[in-house]
Asks: 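Sharing a structure, written as structure tokens. Questions coming.
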Amino acid sequence: MTSEPPRDCRACPRLADFRASNRTAYPDFFNAPVPSFGPADASLLVVGLAPGLKGANKTGRPFTGDYAGDLLYATLSEFGFARGSYRADPADGLTLVGCRITNAVRCVPPQNKPVGSEIGNCRPFLSATIAETAGLRAIVALGRIAHESVLSALGARRAAHPFAHAARHDLGRHDLGSLALFDSYHCSRYNTNTGRLTPEMFKAVFAAVRDEIG
Ligand code: URA
């Protein structure tokens, strides 16, 4: 199984139709499944939800140009997981260090809301991404959907690992070695504007990850 869907992936008819209409409405946008960003030997994988229409779907790099990217990339830089300046542009020269970013759903969904079948259809790409990320020690799931999709991708039981902000789930050993799943509320505009997620809360998650992987 490949870790990247084809540009014209048709696994999700609703998302493929949305992509076609976006290619007409926004011909200069990327308008395709957004590939993972960062080295395949990363020890940390950050899993988001799905590209934003005028962010990652426009630029072709996860969280790039999305409001959520401002806090994510600033926090990754603070904890040494990114180097360079984030300028909401894939040509900004920013590099990830020991870190990779992917999305549970690779295509932009209408209203930022993928449906269950779309999350399931895209999971094989998440599973393949996890499998190919040799030396993976920690995953940060941004939000409940990412959390549940990661658990399913690894064959772990949801009842044994309920989603909770700042939780650390020991996923024991799997074929790649020991792996911990850290949960965070998604760093979306809604969550940060309402105070559900503060920058301090978000930083505390990455501080715990840094402690975990050294
Ligand atoms: N942009 C992404 O790429 N993923 C998200 O989860 C949100 C914004």
Side-chain angles (χ1 to χ4, degrees), residues 3-5 7 9 12 14-15 18-19 22 26 29-39 42 44-77 81-82 86-92 94-96 99-116 118-123 125-126 129-130 133 138-153 163 165 181-194 196-199 201-202 205-206 209:
S3 58
E4 298 298 342
R7 242 192 103 74
C9 183
C12 306
R14 189 182 76 118
L15 301 189
F18 192 48
R19 181 197 306 139
N22 288 329
Y26 309 107
F29 283 16
F30 184 72
N31 291 319
V34 174
S36 304
F37 173 41
L44 167 63
L45 180 68
V46 176
V47 183
L49 173 59
L53 175 61
K54 296 185 177 173
N57 173 67
K58 177 179 180 184
T59 63
R61 194 175 75 178
F63 287 90
T64 300
D66 282 307
Y67 182 90
D70 292 351
L71 180 57
L72 176 61
Y73 284 112
T75 308
L76 291 175
S77 292
F81 291 115
Y86 169 71
R87 288 198 316 272
D89 176 352
D92 57 15
L94 184 89
T95 53
L96 297 182
C99 173
R100 209 171 189 205
I101 308 176
T102 195
N103 280 307
V105 174
R106 303 298 185 89
C107 291
V108 56
Q111 278 88 48
N112 289 326
K113 282 193 176 38
V115 300
E118 293 160 353
I119 298 161
N121 290 340
C122 215
R123 188 167 300 119
F125 300 107
L126 177 61
T129 300
I130 293 171
T133 309
I139 296 177
V140 171
L142 299 178
R144 184 183 300 274
I145 289 176
H147 165 92
E148 291 182 347
S149 204
V150 166
L151 290 180
S152 296
F163 174 82
H165 176 78
L181 171 62
F182 293 82
D183 292 340
S184 173
Y185 292 136
H186 194 286
C187 48
S188 65
R189 187 197 305 254
Y190 180 82
N191 282 346
T192 52
N193 282 353
T194 57
R196 184 175 173 84
L197 179 71
T198 64
M201 288 165 69
F202 200 54
V205 172
F206 285 88
V209 171

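Everything quoted here is computed from the prediction, not taken from an experiment. Both ligands and their constituent atoms are indexed starting at 1 by order of listing.
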Asks: Anything under 30° is parallel, anything over 60° is perpendicular, the rest tilted; go ahead and classify His165 against Tyr185.
Replies: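 Parallel, since the angle between the ring planes stays under 30°.
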
Asks: Would the distance check show the side chain of Ser149 and the main-chain N or O of Ala104 forming a donor-acceptor pair, the cut-off being under 3.5 Å?
Replies: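 Between the backbone of Ala104 and the side chain of Ser149 there is no qualifying donor-acceptor contact (under 3.5 Å).
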
Asks: Is it true that a side-chain atom of Asp66 and a backbone atom of Ala56 form a donor plus acceptor pair closer than 3.5 Å?
Replies: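 Looks like yes, one N/O pair under 3.5 Å.
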
Asks: When you check the side-chain N and O atoms of Ser36 and Thr102, is any donor under 3.5 Å from an acceptor?
Replies: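 Yes - a donor-acceptor pair under 3.5 Å links their side chains.
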
Asks: From Cys187 SG over to Tyr73 OH, what is the distance, rounded to the nearest 0.5 angstrom?
Replies: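 Cys187 SG to Tyr73 OH: 10.0 Å, rounded to 0.5 Å.
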
Asks: Using the rule side-chain hydrogen bond (donor to acceptor under 3.5 Å, both in side chains), only one of Arg14, Arg123, Arg106 pairs with Glu118; which is it?
Replies: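 Result for side-chain hydrogen bond (donor to acceptor under 3.5 Å, both in side chains) with Glu118: Arg14.
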
Asks: At less than 4.0 angstrom from any atom of ligand 1, which residues have a non-hydrogen atom? List them by chain and residue number.
Replies: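 Residues within 4.0 Å of ligand 1: Gly48, Leu49, Ala50, Pro51, Gly52, Ala56, Pro62, Phe63, Asp66, Asn103, His186.
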
